[in-house]
Every structure is written in structure tokens, then in C-alpha cells.
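Just follow the structure's listing: the first ligand is 1, and inside any ligand the first atom is 1.
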Amino acid sequence: MGDFDDDDFRDYENEDLGFDEDELNDDEYDQLQQSLPRLQGLAKNYQVDDKTLKETLWNNYFSVDDAFEEVKHKPVSKLELLAQQRRQRTGLRGLGSGTGVGLLGRPAATRPRTQKQQTQPDRPSRVEVQEQPPAQPEQEQEQKPDPFAALLQPLVAASEFRILAPRSANPITSLFLAHVQLPSHTVPEINLYTNNDLAKKAASNFVKPSPDERKVQKLTEKVADIKLKDPKPVASKPKQKINVDAELAKKNSKPNLSFIVIGHVDSGKSTMIGRLLYDLGIVDSKTLHKLTKESDAIGKSSFSLAWIMDQTQEERARGVTVDICQTQIETDAAKFTIIDSPGHKDYVPQMINGVSQADLALMIIDANSFESGFSNQGQTKEHLTIAKNLGIERCVVAVNKMDVAQWSQTVYDSICTQIEQFLVEELEFERDNLIFLPSSGFLGDNVVSKSKNLPWYKGPTLMGVLEQENREMSHPVDKSSPFIMVISDIQDSSKTDELLVSGRVNSGVIQPGQSVSISPSQEVAVVDSISITTSNVGSSATKHNLQKIAQAGEFVELKLKKLASTENIKVGDVATLSSNVLQPVKKFKCEVRLFNIDRPLLVGTPFVLFKNGISVPSRLSEIESIINKDGKAKKRRHLSSNNRAVVVVELLERELPLVTYAQDHKLGRIVLRKDGLSIGAGKILQLVKFWPDRLARSLALTSWVLPILRFATVSSWCDDSTEMESFCRCNWRLISLITDEISSIDCSIWFTDSNCADFSSSKIDSFSCDSCWSCCWSRFEASSEYSGETVFSTASWSTEL
Ligand SMILES: Nc1nc2c(ncn2[C@@H]2O[C@H](COP(=O)(O)OP(=O)(O)OP(=O)(O)O)[C@@H](O)[C@H]2O)c(=O)[nH]1
């Protein structure tokens with residue numbers, strides 16, 4: 001490796017791997033023309049054609065003497081002769097004659113030009129030499145239980161195996177050893193070379209890394225570099241030793257329910273929450289009085305209750321909620337996280353963000369203008385559809401503004417019937433998971449107190465329903481599930497290595513002192529403190545309660561310390577324990593359910609993916625199948641309204657740390673939007689991962705096995721099609737092992753072959769021995785779909801017919 005410099009390597013990278021006279025530069029062409037006649041004269045007694053002579057000259061940097069030496073000692077005497085005989089018999093064209101691929105597995109020209117490798121490898125740390133008794137290839141072939149053994153045994157017979165260290169778990173090693181029946185020595189690496197000239201020369205080709213291997217090594221190093229940037233292990237021990245079960249039991253005695261208030265614009269969502277807080281005594285009359293005065297001053301007095309939640313200037317001036325707003329309250333029996341969401345169609349993305357943090361939806365319907373909200377242009381159906389598709393299974397429907405509808409039961413019943421029909425028949429909600437109630441948020445009827453204006457309604461108030469839901473939906477948290485929290489807000493600290501992040505704990509538990517990793521930036525931090533901000537019923541003061549532990553379902557603020565950098569952490573990032581880092585991905589397979597769409601979706605169609613409070617430009621990368629109503633999958637090239645399909649989605653601008661639906665029923669969901677409309681939602685089935693460590697392993701494995709493949713290829717001369725087929729199968733088995741590894745990191749392996757068009761560019765999984773026995777492989781290449789980069793390529797992996 002020391003003999004190569006970067007320029008050589010770059011030269012190599014830009015080079016086509018085979019000899020092509022047309023590709024020579026003027027200088028090379030002149031040299032070739034000058035030296036060829038001399039070589040032709042010297043080689044006239046050898047059966048070598050002009051093209052081979054030219055190639056040999058090229059391989060030897062136009063040195064006639066070196067080229068002649070190669071011609072003399074070329075294993076042509078045996079193999080090429082057979083090849084020639086065979087060609088004469090079958091009329092098939094051999095690779096050596098056309099593609100410039102040498103018989104030794106790698107053409108000299110693919111080595112850097114400054115380098116010549118003629119010496120026997122110096123293998124420093126051999127421990128033991130194990131020689132195999134020579135075996136008769138013919139006999140071996142007759143008894144062969146397996147073509148692989150037949151292929152390798154002659155090689156073994158003529159070889160020395162140097163055994164270095166314990167038997168590796170490397171599947172290639174195991175496979176190799178299983179077939180060559182070496183004594184049970186342990187080997188992580190086999191250095192094989194034989195006593196005959198061919199083998200010596202072949203072995204010498206592998207003394208130093210070839211450019212292929214250098215490339216692999218470089219990539220491996222690059223990947224290792226990525227690994228180095230991985231979080232340094234930080235102390236992950238809780239600060240305080242606590243009885244976790246007792247602490248969790250204490251929390252669960254007053255469970256937390258997170259609900260989102262959704263509905264068409266101006267249906268009265270913020271007013272409803274304002275009323276709830278006011279009637280519970282969390283907002284005092286002094287505050288409400290102040291808000292009434294302020295709203296009066298700008299002619300919006302009816303919004304005074306709404307302003308409790310709509311706190312920004314923009315929201316107050318426009319009378320429209322723009323972003324989600326969250327508050328936590330605590331009653332005697334329960335805790336609630338209330339999320340107010342915007343109803344305007346322009347702010348559906350914010351609403352989606354809110355839904356992903358909620359367990360229950362409170363749908364507010366304006367009884368006075370139900371139709372416009374419920375129409376296809378309204379947001380009633382859209383919000384309910386998104387909620388259901390993001391995992392909300394229970395829904396409370398408040399038919400609001402009943403004061404304007406003259407408290408009419410007929411109006412209420414009619415609205416309830418239509419909503420119920422939509423929820424049950426179209427969105428497949430369970431009837432038992434739906435609760436309907438009439439209300440007037442503005443006047444406070446049936447919010448916290450029973451309404452005298454609704455004598456026909458016998459059910460509980462909104463607060464009563466919420467407490468009932470809180471009890472029914474509470475369940476003990478699984479403390480063994482991995483800690484995951486999506487960051488929904490970030491506050492900078494005065495210190496450069498500190499940050500205050502807040503969000504909902506999606507799963508697991510976390511304690512101060514434990515270290516977390518934030519994906520996708522992979523920043524690592526220690527959780528210094530955990531707090532929950534709540535307002536107690538009857539008190540307008542908010543309290544920041546420090547927690548000994550936080551559990552799934554709670555909205556918490558984590559004070560993070562010891563951050564290397566705070567700049568890379570963004571809303572939508574995911575915090576996990578640093579022992580359980582989420583690797584960001586760019587592609588994933590998911591099951592999508594499309595809503596009503598105007599135009600069909602084709603492969604390549606761009607859209608925006610909403611997930612974890614962020615939106616990412618994406619595209620439909622593949623349509624695997626459409627799932628029919630009977631559950632059967634069908635191939636189709638486009639998706640249309642209400643289709644259910646399995647597709648692959650590619651994120652275009654950034655990677656996201658995702659989890660599958662199987663891992664987390666809430667986090668494993670996505671919403672798709674296009675041109676300002678929600679077009680579908682889905683569940684993530686499988687992540688197409690790019691694991692740096694796996695890539696490194698694959699590369700290492702590949703770089704290690706390629707020499708063996710080449711060597712085996714060289715040595716496995718097959719004289720008839722059956723043999724050839726066996727040979728292919730042997731290699732196939734080796735390749736399969738590599739591919740198993742590589743396919744898991746989303747690489748494709750391509751064969752290109754100049755002699756067989758059918759075989760060229762075929763993906764490895766469609767490779768079959770039957771179709772390839774007559775092929776000569778000239779190029780073996782793996783490229784990463786992830787980066788588009790060629791992971792490795794070799795032109796030397798070939799055989800002759
Ligand atoms: N008469 C009457 N008016 C109400 C009631 N609830 C809300 N409103 C009025 O409806 C208007 C809109 O109320 P908001 O609470 O801002 O509605 P919203 O659904 O939060 O609005 P967005 O978040 O912007 O979609 C305000 O003028 C409220 O006073 C109600 O029960 N009765």
C-alpha cells in the first residue's frame with residue numbers, strides 16, 4: 001500500500017478497468033506501435049494473438065522484455081490451450097480475447113502504474129504451517145459431495161495453509177474451512193498460496209491491497225470515522241438511587257391524559273379550553289378581566305376566553321390560532337395535557353404535530369355552521385381522518401355553540417348521526433370509543449358545570465367525560481421499553497453546553513443523571529434535571545415540579561448538560577438513551593392509506609412527509625403492491641383515491657430518526673401532504689438502514705473474500721457446462737454471503753459482462769447459475785443506493801470458457 005500514492009489511486013478510479021486500444025492516449029499508442037513488432041517476433045512460437053500481445057505490453061508498461069516473460073510463463077500453456085480448444089469446439093468467445101481481463105484474476109493494468117508485484121508475499125506473523133496431502137482433482141471430483149469442495153480441493157492440495165489465530169465467526173471463513181477440511185485450527189484469516197507458478201503468481205497479486213481493496217479500505221476508514229463521531233460513552237447512571245416501581249406507582253395513582261382539541265376554524269376550540277381553565281379556577285377572574293379589556297380594545301371581545309390559549313400577537317390580531325399551544329393541569333383525581341390546535345386549513349401541519357403528541361381527540365363542532373366544516377372543503381373530516389391515521393382511537397365530540405342553535409336537541413341529534421356515521425363507517429372508529437355531548441364553550445354550558453339550558457342531555461359534562469377517559473385510558477407504563485422522547489420545544493441556556501428541551505415521553509422512563517443521545521445529530525448529553533410544569537385546579541400559579549423519574553405519556557422539560565454542541569439539536573429530533581441510539585434513515589417501507597386525491601400518485605411523485613412535528617420533502621420511491629379489500633396484494637404502477645398500498649418512501653433533504661409501527665404504534669406513523677392538502681397517512685413497516693458499522697463489516701468482509709473468489713476463479717477451470725454450472729454455484733454461494741450482508745445496507749450488486757447481454761446489469765438476486773454458465777464475468781461491482789457511491793468494483797473476477 002505504501003507504494004501507491006493518491007494520484008495513482010485517482011488515476012485508477014477514473015480508469016476503465018480493461019485494456020482498450022481505443023482508450024490509449026497518444027503517447028501510449030506510440031509506445032505500443034513501437035514495441036509490438038519486437039514482441040510479435042519474440043513470441044512467434046507461442047500461440048498468442050495480437051490482441052493478447054498488445055494487452056500484455058500494456059500490462060507491462062510497454063516493456064517488451066517483461067511482456068515476453070509474461071507471454072512465456074503465462075498459464076496459457078494449459079488454460080488458454082484448453083480455452084482455445086474449447087472455443088474451437090463450441091464457437092464461444094473467451095473473455096481473455098476480448099475484455100482485457102487477465103487469467104490471474106486481476107489485470108496488471110488495474111494495478112497502479114508505479115507498482116509491480118512479483119515477489120512472494122512476506123507474511124510476518126505465521127504461527128504454524130499446515131500442509132495438506134496432495135489430492136487428485138479427478139478423484140475428488142468423482143466423490144464430490146458438493147461442487148464447492150470439488151472446486152477447492154485441488155487448490156488445497158497444492159497449497160500451504162497458514163493458520164494464524166482462532167477460528168473466526170466470519171461466514172466465509174467457516175464456509176471455506178468446512179469445504180477444505182482443514183484441521184480444526186482456528187483462523188480469522190487464511191493466507192493461501194500454492195507451490196506452482198500459477199498459484200505463486202496469483203498469490204503475489206494479493207500481497208498488497210489492490211486499488212479495489214484500497215478503495216474498500218478508504219471507505220471503511222471513512223465509515224470508521226463516522227463511527228468515531230458516534231457518541232462517546234457518557235455516564236448513564238441515575239443521579240439518585242430510587243425505588244423505580246414505587247415512584248411509578250405514585251405517578252400512576254394520578255394518571256396523565258394528553259388530549260388535542262381539533263375542529264374546523266372558529267368552531268370554538270380555544271374558547272372551550274379557556275372556559276375549562278377559567279371554570280376550574282386555573283385562570284383567575286383578574287386575568288380574564290384583563291383579557292376582556294384588551295380584546296375589547298381591538299373589537300374582539302368575544303375572544304377573551306380564546307386569548308387564554310391564543311397568546312401571540314398574530315393570533316390575537318387575526319382571531320385565529322396559528323400554532324399548537326399546550327398546557328398541563330392537575331385536578332384532585334387526574335392530570336391532563338391539553339393541546340389546542342389551529343383549525344384553519346393553512347395550519348393543518350401544526351395540527352398534525354399536535355395530534356402526534358395526544359392520546360385522545362376532542363372534536364369541537366360548530367352547531368351553527370356544521371355543514372361548512374363537514375364539507376370536503378372543511379377541516380372537520382380532515383382533522384378526524386388525520387387523528388385516526390395517527391393512532392387516535394378514542395374521540396370526544398362536543399357539539400358546540402348550542403346557544404346559537406337554540407339548544408335544539410334536533411340539531412344536536414342530526415349532527416351526531418352524521419359525525420358518528422363518518423367516524424364508524426369511513427374511519428373505522430369503534431362505536432364504544434366515541435362520546436358525544438352538547439356544549440356552549442362561550443357561556444360555559446356543560447363544560448365544567450351542568451347546563452340548565454340542556455335538560456334533554458343526561459350525560460356527564462365535558463370535564464366529567466375527560467376524567468372518565470383519563471381513568472379508562474390509563475395503564476401502567478412498561479419501564480423496560482426503550483426511552484424515546486420527541487423534542488417539541490427548545491430553550492437555549494446561557495451556557496454553551498446546556499439546553500432545555502421539552503416534549504412528550506413517547507416510551508420508557510428516564511431519570512436525572514442518565515445520558516441521552518439526540519438523533520439525527522447524535523449529540524450526547526447528560527440529563528441534569530427533569531421537570532413538569534403544571535397548574536393546579538383553583539390556582540393560577542404554574543409550578544415547575546422536579547421529577548425523580550419521567551415516564552411515557554408525560555410532557556417534561558429535560559435540562560441537558562455536557563453537550564459538545566447545542567446547534568445541531570432541532571425540534572422534531574428524538575432523544576433516546578445513549579445505549580439505544582436511533583439511526584436516522586433516508587428511506588423506509590410503509591403501508592399507506594390514501595385520502596381523496598385529484599391525481600394519481602406515480603413512482604417519483606414528490607410530496608411532503610409529516611412526522612414528529614417536522615415536515616420533510618419526500619418522494620414515492622417504489623410501489624410494492626396495492627392491498628385490496630380482501631387483503632390480497634396486487635401489483636400496480638400508480639396509486640389513486642382511497643388505495644391501501646405498500647410503498648417505499650424516500651426522504652429527499654434530510655434523514656430522520658424513525659421507528660417502525662411495530663416498535664411504537666404512535667411514532668411509527670406518518671402523514672403525506674401535497675399542494676397544501678393531506679393526501680394520505682401510513683404506518684412505517686421497515687427502515688432501510690444505513691448502518692456505518694455494518695457497512696464497515698461488509699466492506700471488510702468483501703475485501704477479504706474477493707481475493708479468494710479471484711483465486712478460486714483462476715483455479716477452477718471447468719471443461720464442460722456442468723462443471724461450469726457447479727463453479728457458478730460455488731461462487732454464487734460465496735456471493736450470497738456477501739450479498740446478505742450488503743443487501744441489509746441497501747446495496748445492489750451488479751454484474752456486467754461484455755459477452756452476455758442478459759447477464760449484464762442484473763441484480764444479484766436475479767442471478768441464476770442456469771443462465772450464466774456460458775458467461776464470462778468481467779466486472780463485479782457493488783454500489784450503495786444510499787450514497788450512490790460505488791462501494792467496490794473489480795474487473796478481475798472472471799473465468800474462461
Ligand atoms: N355563541 C358562541 N360563540 C362561541 C362559542 N364558542 C366560541 N365562540 C366564538 O367563536 C369565535 C371563535 O372562537 P375560537 O375559540 O377562537 O375558535 P377556534 O376554533 O379556537 O378558532 P381557530 O383556532 O382559529 O380555528 C369567537 O368569537 C368565540 O367567541 C359558543 O359556544 N357560543
- Message: Looking only at side-chain N and O atoms, does D445 offer a donor or acceptor that is under 3.5 Å from a partner on S451?
- Response: yes

- Query: Can a donor-acceptor pair be found between the side chains of Q357 and S258 at a distance below 3.5 Å?
  - Reply: no

[X] to ligand 1: N or O pair under 3.5 Å?
X: G441; answer: yes
X: F442; answer: yes
X: M272; answer: no

Could you check whether any side-chain heavy atom of [X] comes within less than 4.5 Å of a side-chain heavy atom of [Y], counting everything from C-beta outward?
X: S439; Y: L462; result: no
X: F422; Y: T380; result: no
X: L658; Y: I670; result: no
X: C395; Y: L384; result: yes

- Query: Can you list the steps and then say if Q421 with Q418 is a side chain to side chain donor-acceptor pair (under 3.5 Å)?
  - Reply: CA-CA 5 Å; Q421 197 177 359; Q418 292 178 67; over 6 Å; no

Just to confirm my output: which protein heavy-atom neighbour is closest to [atom], and how far is it?
atom: atom 14 (P) of ligand 1; result: T271 OG1, 3.5 Å
atom: atom 16 (O) of ligand 1; result: F303 CE2, 3.3 Å
atom: atom 23 (O) of ligand 1; result: T321 OG1, 2.7 Å
atom: atom 27 (O) of ligand 1; result: S302 OG, 2.8 Å
atom: atom 17 (O) of ligand 1; result: G268 N, 3.2 Å

Using a 4.0 Å heavy-atom threshold (strictly under), name the region of [X] that reaches ligand 1: side chain, backbone, both or neither.
X: D403; value: side chain
X: V265; value: both
X: A306; value: side chain
X: D266; value: both

- Any chance you could lay out the side chain to side chain donor-acceptor pair (under 3.5 Å) test for D413 and T410, step after step, and finish with the verdict? CA-CA 5 Å; D413 287 345; T410 320; over 6 Å; no

- Numbered atoms of ligand 1 (with element) below 4.0 Å of V320, judged on heavy atoms: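 That gives atoms 24 (O) of ligand 1.
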
- Item | Subset of ligand 1 atoms that lie under 4.0 Å from at least one heavy atom of N400 | 6 (N), 31 (O)

- Query: Which of these, R318, K269, M309, K401, has its nearest heavy atom closest to atom 9 (C) of ligand 1?
  - Reply: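 Going through R318, K269, M309, K401 one by one, K401 has the nearest heavy atom to atom 9 (C) of ligand 1.
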
- Query: Does any pair with a residue in residues 389-402 pass salt bridge (charged side-chain N to carboxylate O under 4.0 Å, His left out), and if so which ones, sequence neighbours excluded?
  - Reply: D366-K401, K388-E393, R394-E469, R394-E472

- Query: Is the shortest distance from a Lys or Arg side-chain nitrogen in E591 or K683 to a carboxylate oxygen in the other one below 4.0 Å?
  - Reply: no

- Message: Is S267 close enough to touch ligand 1? Criterion: a residue heavy atom under 4.0 Å from a ligand atom.
- Response: yes

